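Everything numeric in this text was worked out from a predicted model, so none of it was measured.
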Amino acid sequence: MTAVSACNVTKSFKGNIALNQINFTAKRGEITGLVGPDGAGKTTLIRLLTGLMNFESGELEVLGVKMPNKSSKFLEDIGYMPQKFGLYEDLSVLENLRLYGYLQDTAHTDIRIDELLRFTKLKQFSARRTANLSGGMKQKLALACTLIKKPKILLLDEPSVGVDPISRRDLWEMIHLLMDGDMAVIWSTSYLNEAQMCDSVLLLNNGNVLYHGSPDKLMNNVKGRVFKIEGDFFNKREAVGSILESDALLDAALVGSYVKTVLQKDNSFPNDILNTIGENIKVLDLEPSFEDAFLDVLGVKTKAHSVLANVMSDFSKQKSLISVKDLTKKFGNFTAVDNVSFNVNAGEVFGLLGPNGAGKSTMFKMLCGLLTPTSGKIKILEGSLTDIKVRQNIGYMAQKFSLYGDLKLKDNLNFFARLYEVKNAHERINTMIDIFDFKKYLHINANILPLGIKQRLALACSLMHEPSVLFLDEPTSGVDVITRKEFWTHINNVAKHGVCVMVTTHFMDEAEYCDKIMLIYKGKAIAVGTPDELKAQVSPSASLEDAFIHLVKIYDEERAHKK
């Protein structure tokens, strides 16, 4: 049974077309994935389906009702979870649910709330203040509030952004349990492995539908064009750039110890490059992922090199840039980071993984000198964080956009250039404007910039002073795959110049790009190694997400056994 039917629907804002005569259907009992680059029209479409917006032309029906429609009877059948769900952080979990139950005039509210607390596994946290929940728990609570009226269609606008793999898997399990009935789900996502799990996918770009159908059918379009290149690389990051210099390749990326490539349509693999990147190089077939198919449809070739690296100083002759010994941070009786030790060398990309609330951001803040450790030692460039010269060699991109929202983009660049006393500041700012393509955004306030541009600006400011150590706290959270690949082209290239990079991420494919990974859980380092070494602890065919979840589960089981 059809839940949504759209025919030639068009929506524009001040002459700019957000949706251009789109056609699609969504069925009850199915999950329809909504994917596309930033600004593709995903959120606009979801808001049309909720009745929050009107459209200029075309026909749109939701649950058999012609839109726009704002009748209370119709709205009772719609569950809508926006990107920033309106939870009240000063209220407890239970108080938020009671409030939403009251606002929606839910019958037998206490019974329904008890069902939802058990369903989302939040019952033991019902008295906890919402502000103190982890990111994953907040999303579960938001979903519970959305489900309080038992909707017939569920509209989810990027519900898993910034959520760790364990919580994401929990969300999917909950949604699949709901699918036992005839509920329709439309799930907008920037995680393309999630799109692969949907029954059907609507791929938007610049307001146009590029594809509508099953994920498997789309992936079949790139079958036979995805390869695994392995062997003894001279330098695996250099190898990625060399491979991408060929016009025959659409994409190339590190996956642990090998390089994954996607061939352009109607092209043969350029075997002549193999001898230039290493010895004993083999090219093997790989099964395509949804991301491979997505890039193929968009036709956006990944850049081989970053101009940014050419304007950075070279630190490759230095050795250990970060040394951490027995680092501990306590807040009262709570231990956020517990006796953690590690080293990071020049030119190394070191990934810090862990569930929400594991202690990653707390550790970053200590490494940047923003928090004082309770105990332990930190050395950056063989010096102490109390030394201003050491701090001037650190670049930091915070998890939440931390630039000055009321300042224009160019004003932010000017501010950070002056803050770090950058020599030839005017020239440096213009270089950043060119590299990150900021020209049309220079006089727009930072708080209203598109998310992808905000993240580019934050990265540009963190690199303004050519730091030798770079801390990136979830730098690509919420941005599309094209922007993420652009970011990693920059990261890989500055690492080749000897910059030491520490990065946190919830994208497991990004974690594969790291030279070494430390998995932190409940403040402790529970595993350290290369991506391949962590995966090998589970099985030869395990993904990094499998390893992440397995290692956390084993740690919990061992602690429970000791008790």
Side-chain angles (χ1 to χ4, degrees), residues 1-36 39-87 97 99-109 112 116 142-159 175 178-179 181-189 198-204 207-209 212:
M1 186 175 176
T2 301
V4 175
S5 176
C7 180
N8 295 326
V9 172
T10 297
K11 174 66 181 176
S12 61
F13 297 96
K14 296 180 180 179
N16 296 313
I17 295 177
L19 296 171
N20 185 24
Q21 295 187 332
I22 69 165
N23 296 276
F24 82 101
T25 57
K27 296 179 181 178
R28 288 193 181 187
E30 290 189 356
I31 301 174
T32 301
L34 193 56
V35 298
K42 305 184 294 295
T43 296
T44 299
L45 176 57
I46 286 180
R47 287 178 178 173
L48 291 182
L49 298 177
T50 64
L52 289 172
M53 286 183 178
N54 296 335
F55 49 94
E56 280 88 52
S57 60
E59 295 182 358
L60 180 63
E61 285 192 5
V62 179
L63 300 174
V65 176
K66 285 194 174 185
M67 302 296 286
N69 190 303
K70 297 179 182 177
S71 69
S72 57
K73 187 176 184 305
F74 167 70
L75 294 176
E76 285 179 1
D77 292 331
I78 293 181
Y80 172 44
M81 184 174 162
Q83 287 182 27
K84 294 183 179 179
F85 192 83
L87 294 173
L97 285 165
L99 174 62
Y100 276 90
Y102 172 77
L103 291 173
Q104 297 188 44
D105 195 24
T106 306
H108 309 294
T109 303
R112 180 60 176 162
L116 290 169
L143 179 61
C145 292
T146 304
L147 293 170
I148 201 141
K149 198 70 176 181
K150 294 186 179 180
K152 293 179 181 176
I153 182 170
L154 189 58
L155 306 171
L156 306 173
D157 196 356
E158 303 207 21
I175 295 301
L178 293 170
M179 302 309 293
D182 65 347
M183 180 187 288
V185 176
I186 295 182
W187 184 308
S188 170
T189 182
C198 296
D199 298 293
S200 65
V201 171
L202 184 68
L203 199 166
L204 294 172
N208 296 293
V209 176
H212 179 216

Show the numbers, then the answer: is there a side-chain contact (heavy atoms from CB on, under 4.5 Å) between Ser57 and Val9? CA-CA 6 Å; Ser57 60; Val9 172; over 6 Å; no

Looking at Phe74, does the NZ or CZ of Lys70 lie under 6.0 angstrom from its six-membered ring centre and within 45 degrees of the ring axis? no

Spacing of Leu155 atom CG and Thr43 atom OG1 [to the nearest 0.5 Å]: 11.5 Å

Atom of Leu116, atom of Ile148 and distance for their closest heavy-atom approach: CD1-CA, 3.8 Å

Mind checking whether Ile186 and Leu202 have side chains closer than 4.5 Å, heavy atoms only? no

Determine, step by step, whether Ile175 and Trp187 satisfy the side-chain contact (heavy atoms from CB on, under 4.5 Å) criterion, reporting the C-alpha distance in whole Å, the side-chain angles of both residues, the deciding distance to 0.1 Å, and the verdict. CA-CA 10 Å; Ile175 295 301; Trp187 184 308; 3.4 Å; yes

Output for pair (Ser188 OG, Gln83 CD), nearest 0.5 Å, gives 6.5 Å

Indicate yes or no: at least one non-hydrogen side-chain atom of Val62 is less than 4.5 angstrom from one of Asp77. no

Hey, mind stepping through Arg112 and Leu147 against side-chain contact (heavy atoms from CB on, under 4.5 Å) and telling me if it holds? CA-CA 9 Å; Arg112 180 60 176 162; Leu147 293 170; 4.0 Å; yes

Could you grab the distance from atom OG of Ser5 to atom CE of Met67, nearest 0.5 Å is fine? 12.5 Å

With rounding to the nearest 0.5 Å, note down the distance linking CG in Asn54 to CD in Glu56. 9.0 Å

Looking only at heavy atoms, what is the nearest atom pair of Leu19 and Gly41, with distance? CD2-O, 3.6 Å

Pairs of donor and acceptor atoms involving the side chains of residues 44-52, under 3.5 Å and at least two apart or interchain, shall be tabulated with distances.
from	atom 1	to	atom 2	distance (Å)
Thr50	OG1	Arg47	O	2.8
Thr50	OG1	Leu52	N	3.3

Given 3.5 Å as the limit, does a donor-acceptor pair link the side chain of Glu30 with the main chain of Ser200, or not? no

Do you know which two heavy atoms are closest between Pro151 and Met183, and how far apart they sit? O-CE, 3.1 Å

Between Ala18 and Phe13 the two heavy atoms that sit nearest each other are CB-CE1, 3.6 Å

Measure the spacing between CG of Leu63 and CD1 of Ile78 and express it to the nearest 0.5 Å. 6.5 Å

To check you understand the geometry: which heavy-atom pair defines the closest contact between Met81 and Ala142, and what is its length? CE-CB, 3.7 Å

Atom pair CG (Asn8) and OG1 (Thr10), whose distance is rounded to the nearest 0.5 Å: 7.0 Å

What are the two closest heavy atoms between Gly101 and Thr109, and how far apart are they? CA-CG2, 4.2 Å

Taking Asn23 for the side chain and Gln21 for the main chain, is one N or O donor matched with an acceptor at less than 3.5 Å? yes

Taking only residues two or more places apart in sequence or in another chain, which ones pass side-chain contact (heavy atoms from CB on, under 4.5 Å) with Glu76? Lys149

Please check this pair: side chain of Lys42 against backbone of Leu204, looking for a donor-acceptor N/O pair closer than 3.5 Å. no

Please test Val4 against Thr32 for side-chain contact (heavy atoms from CB on, under 4.5 Å), starting from the C-alpha separation and ending with a verdict. CA-CA 10 Å; Val4 175; Thr32 301; over 6 Å; no

